[in-house]
Every structure is written in C-alpha cells, then in structure tokens.
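Below is one structure; the comments refer to it alone.
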Amino acid sequence: MYYKNLKDKLNKKKATIAVVGLGYVGLPLLIQFYRKGFKCIGLDNDKNKISSFSENKFEDVFFSSIFKKKTKHSVNNLKKITFTSDYSLISNVDIIIICLPTPVFKNKKPNLKIIDSSLKQMSKFLKKGQLISLESTVSPGTTNRLLGIFLEKKKQFKISEDFFLVYSPERENPVIKNLNQKFNFYNTPKICSGYSLKCANLGVLMYSKILKTIIKTSSTKNAEMAKMIENIYRATNIGLVNELKMLCHKMNLDIHEILKLADTKPFGFTSFTPGPGIGGHCIPIDPHYLIDEAKNYNFDLKFVNEAMKTNENITKWCINEIEKIFIKKKINNKKLKILFLGAAYKANIDDLRESPALKFFKYFSKRKIKFDYCDPHLPIIKENDFFKSSIKLNYDNFNNYSAVILLTDHHIFNKKHILKNSKLIIDTRGYFSNYKDKNIYSI
Ligand code: SAJ
C-alpha cells in the first residue's frame, strides 16, 4: 500500500520533496525537483541562509547563478519553494533527501555528527509511507548501520514495507566559474541503491524525474563503496604525481613536461597534475572514511594512507623549496614581500575549504613575513583567527613584491602580464611550464 502510494505520487509528481542541507549539492537538487513540478521544501539549520533564500537574495555567486539562469523558473518564481529551519515540516513531506556534510575530526576519524543531529531533529516528524535518500559520502555500511537501525529500532518502521531507505551518492561538481562544463547535473549518471530492491526502485523512479541516467545497484554498500573509490582514485593519483614531482626535482627533471609526454599515450594513462597539496571537502576527506572502515575488517589501507601523507607533505615540501629559493636569491626576510596568486583550493572556484593556501598563509604569517594574496574569486578570507582581503588584480603592482607565488591556477590570471611584471615567479602548479625563464621557479 505505501509502496504503491509513493510510486503513484512520484509518477503523478504529487510527492512533496524535502532536501535537508542546502549547500552546493542540496540546493541545485531541490531546484531541479521544483523545476519538474514537485512541491519542494528546503531545510537547513543556517537561519541566515534560509532568510536570504526566502527573499531570493544570494551572497554566494554560485547560488545566485543558479537562480539567474534564464528559465521560466527565474528568481521570483522560486518563491514557491518553502525554505525553512523548522523540522516539523518533515511531517508534511513524502521524500526526504539528506545532503549534509560528512567531515572528519582532527584525528581524521569520520564525523557523522551533522547527520546524527539532523536525524534526531526529524525523528518525531517521520511517518509511515515516507522515503529517505542519503546523498552524503559515507563509508560502506553506514546507510544501513546508521539510518537503517535508527528507522527500525527507534522508529519501529518496517523498512521496505511502511518506510523506504535509499542511498545515492552525490556527484555534483563544485561550480567551476566561467567554464562550459561538459558534465552537468542532468547528464552525470547517478548511482542509486536501496535497503531493499523495492527501496532502490522507488529511488530510481524519483531521480529519473530529474536526471538522464540512473544506475541501480543491488546494495547500499556497493553505492557507498563506489563513491569512496571514485574519490580515492583521485587522491591516490594526485599523491602519486606529487611524490614524482619531489623525485623529479631532485633529478633536475621537469615533471610537468614528463607528464605531458606520458599523456600522449592514448590508452592506459590518465594524467594528474602535481600541486601544492589537496583541498576541498571530498578528496582530502573521503579516503579517511575508508581507511577507518577498513580497520573494522582488520585491514590496513597502507597504500591509500601513504598517498594521503604525501598529499600533506607536498605542502611542507613546497614551503621548504620556496625558502631555499629566497636564500639562493639572497632575499633577506626583512625585505621580503610575497604575493600569493590564488587562494581557492582549485582553479576557477571560490571555495577555500581545506585549501593548501591557508597553510602557506599560516606559515608565513607565523614567520612574520609580509605577504598579500590576489584571488578574484575570494575577495575576503576569514578563517578562524586569519583575516585578510585580496588585493585587486592589477599586474602593474606585481613589481612591488619580491616574489609572486602561484598557488591556484585560475583561468582569470594572465600569464604574459604576470611574467612581464614579476621580479621572481614561483609556480606550484606547472602553470608556466611552457615558459623557460631564469626568474621562473617550478616547484
Ligand atoms: N588536484 C591536484 N592535481 C590534480 C587534480 C586535483 O593537485 O590533478 C587538487 C586540486 O587542486 C584540489 C584537490 O586536488 O585542491 C581536489 O581537486 P578535485 O579536482 O578532485 O576537485 P574536488 O575536490 O572539487 O572533487 C570533486 C569531486 N566531486 C564529487 O565528489 C562529487 C570529484 O569526484 C570530482 O572528480 C572533482 O570534483 C572534479 O572532477 O571536479
């Protein structure tokens, strides 16, 4: 009865959908369902976010760009979406999609507190006939362990009969500004799994209303592990090229030139770029979830662990190399003034989360070395006790600095202008790999 009822509501677009967590994953998801004609509720504990969304005001360029898109659902139309922090509205919905962050503690242990707290807040409003879909990145087994047990033991639901549980990992790509993204929300295949086949079927039906390709898998563990592997693949390959960068440096070889050569192989090779370290809310975080889970199986994920250590060490290595260059160039610390180009954790975004730049800023601040940063996507940085504003992108001023250090290869930067106006360039990304100049140091 509940299964058929939910299936009919989804087919007739009569289901009311709540998305919990209105970040770069949850908000676009909510809007897609809204645009397809579903009644939608956006739930988030951040009251400032709720009040600005409710008035259709968006600080974050990302969110406002979603709403500004020229469609029939422009900003004013979205007034029909209910944005709220009031969990009691959960009792009026059919579907609850959880898009909440899953960070790690300082000791790299998984931190599921945000999901836990959300479940506690929604608990008394959950009712028979509803479906929960978890999209957050979690270790294999978490959906059934955390939500399954909560729903069956605490709420006395019979999952797959009077309540439905789905796991479908997010594959939202952080907004890359001013770039035409080949893979977008609609055309990126979506993995969907369920506590049971019936749960998975309802999940597939739901997502098929807004996405082109849904890949159904038999168990939530498969889907959880697939998401882990997607991001561990990146983290370990980035760790590989970062390690090779340090070796090539010792061998006086140009890693960027060599990777370009290797990349001419049309099969069996995927290129990654060495950098100053890894940032973001996925790649530096997700592998630690599986490292932790593997311990429950008495398994030590040594290789993944080593890659993560390399990705941390590469930042310290870059800082050491920078200091060696200053000594070689006989730049006295008292006269030293650095300009860091880019602060975001990767090119063309305005996200600072886990960015290696913060470690550079912290280090040189502690050493009382004067520096500025220039990141047109991040005009202001307020991180704990660190507060600084970006300087304007005016290449004429670059000459006022002893060194220009490129940390993030934003496309908005102009290589020629940087080269023309900088006394010394230190490149952590291979951004100037096509330029040979005695004042360009690639690290
Ligand atoms: N990085 C390198 N070298 C590389 C690639 C990345 O140093 O060759 C660094 C980046 O500068 C950044 C960090 O690693 O600091 C992570 O970069 P990323 O390109 O993996 O970007 P993320 O963290 O935004 O990863 C997200 C992930 N998306 C989801 O989890 C839904 C990831 O699976 C995507 O593949 C990635 O976006 C993407 O391709 O943009």
Side-chain angles (χ1 to χ4, degrees), residues 1-10 15-21 26 29 41 43 45 87-102 109-170 190-207 214 216-228 289-290 292-297:
M1 183 260 270
Y2 292 109
Y3 178 82
K4 187 181 174 317
N5 183 29
L6 201 43
K7 194 171 167 213
D8 292 347
K9 279 188 164 185
L10 282 167
T16 302
I17 296 177
V19 170
V20 181
L29 186 70
I41 293 176
L43 232 163
N45 281 346
Y87 268 83
S88 68
L89 272 66
I90 288 282
S91 48
N92 312 330
V93 306
D94 302 294
I95 307 263
I96 301 133
I97 305 177
I98 300 176
C99 301
L100 291 167
T102 46
K109 284 262 180 210
N111 174 359
L112 295 171
K113 285 190 165 187
I114 299 168
I115 294 182
D116 260 341
S117 143
S118 179
L119 288 175
K120 285 194 180 71
Q121 292 178 76
M122 70 173 77
S123 178
K124 63 181 175 188
F125 305 112
L126 292 173
K127 59 184 193 194
K128 288 185 177 178
Q130 289 176 325
L131 177 146
I132 286 182
S133 176
L134 177 65
E135 293 221 352
S136 310
T137 304
V138 291
S139 315
T142 306
T143 303
N144 293 0
R145 210 169 35 221
L146 183 69
L147 282 87
I149 291 176
F150 162 75
L151 292 166
E152 291 211 325
K153 299 276 176 286
K154 188 151 172 29
K155 299 299 297 170
Q156 305 294 310
F157 291 135
K158 289 188 192 64
I159 301 177
S160 191
E161 285 173 35
D162 59 21
F163 202 94
F164 305 94
L165 179 58
V166 165
Y167 179 73
S168 178
E170 60 93 1
K190 186 116 165 79
I191 296 173
C192 184
S193 67
Y195 193 83
S196 66
L197 192 56
K198 278 171 77 175
C199 295
N201 289 339
L202 283 172
V204 169
L205 175 61
M206 170 180 74
Y207 285 113
I214 319 293
K216 183 165 77 174
T217 179
S218 56
S219 84
T220 52
K221 272 191 175 180
N222 285 355
E224 290 160 334
M225 185 57 124
K227 172 68 185 191
M228 281 283 143
Y289 270 70
L290 195 62
D292 184 69
E293 184 66 21
K295 288 178 188 146
N296 296 335
Y297 295 82

Value for OG1 (T143) from CD1 (I98), rounded to nearest 0.5 Å, stands at 9.5 Å

Is there a side-chain contact between C199 and I159 in this structure, where contact means two heavy atoms from C-beta onward sitting under 4.5 Å apart? yes

Quick check for you: to the nearest 0.5 Å, what is the distance between L151 atom CG and L146 atom CG? 9.0 Å

So, for L6 and I95, which heavy atoms are closest and what is the spacing to 0.1 Å? CD1-CD1, 4.3 Å

Considering only heavy atoms from C-beta outward, does the side chain of T220 approach that of L165 to under 4.5 Å? no

Is any side-chain heavy atom of K124 closer than 4.5 Å to one of I90? no

Nearest-0.5 Å distance, NZ of residue K155 to CG of residue L147: 13.0 Å

Report yes if the side chains of N222 and S193 come closer than 4.5 Å at any heavy-atom pair, otherwise no. no

Should Y2 and E161 count as side-chain neighbours, where that means a heavy-atom distance under 4.5 Å? no

Drop me the distance from L202's CG to M206's CE, to the nearest 0.5 angstrom. 9.0 Å

May I ask you to check whether Y289 and T142 show a side-chain donor-acceptor distance below 3.5 Å? no

State, yes or no, whether a side-chain contact exists between S139 and D292 at a heavy-atom distance under 4.5 Å. no

NZ/K221: more than 12 non-hydrogen atoms of other groups inside 6.0 Å: no

Euclidean distance, L119 CG relative to I114 CD1, rounded to 0.5 Å: 12.0 Å

Does the side chain of F163 reach to within under 4.5 Å of the side chain of I132, using non-hydrogen atoms? yes

Does the side chain to side chain contact (heavy atoms under 4.5 Å, CB included) test come out yes or no for L112 and T102, once each step is laid out? CA-CA 6 Å; L112 295 171; T102 46; 4.0 Å; yes

Separation between CG (L126) and OH (Y87), nearest 0.5 Å, reads 10.5 Å

Salt bridge (Lys or Arg N to Asp or Glu O under 4.0 Å) partners for K9, two or more places apart: D94

Pick from E135, K216, K190: which one makes a side-chain hydrogen bond (donor to acceptor under 3.5 Å, both in side chains) with S168? K190

Salt bridge E293-R145, side-chain N to carboxylate O under 4.0 Å: yes

Looking at K227 and E170, is any side-chain nitrogen of the basic one under 4.0 Å from a carboxylate oxygen of the acidic one? yes

Find out whether I97 and Y207 are in side-chain contact, i.e. whether some heavy atom of one side chain is under 4.5 Å from a heavy atom of the other. yes

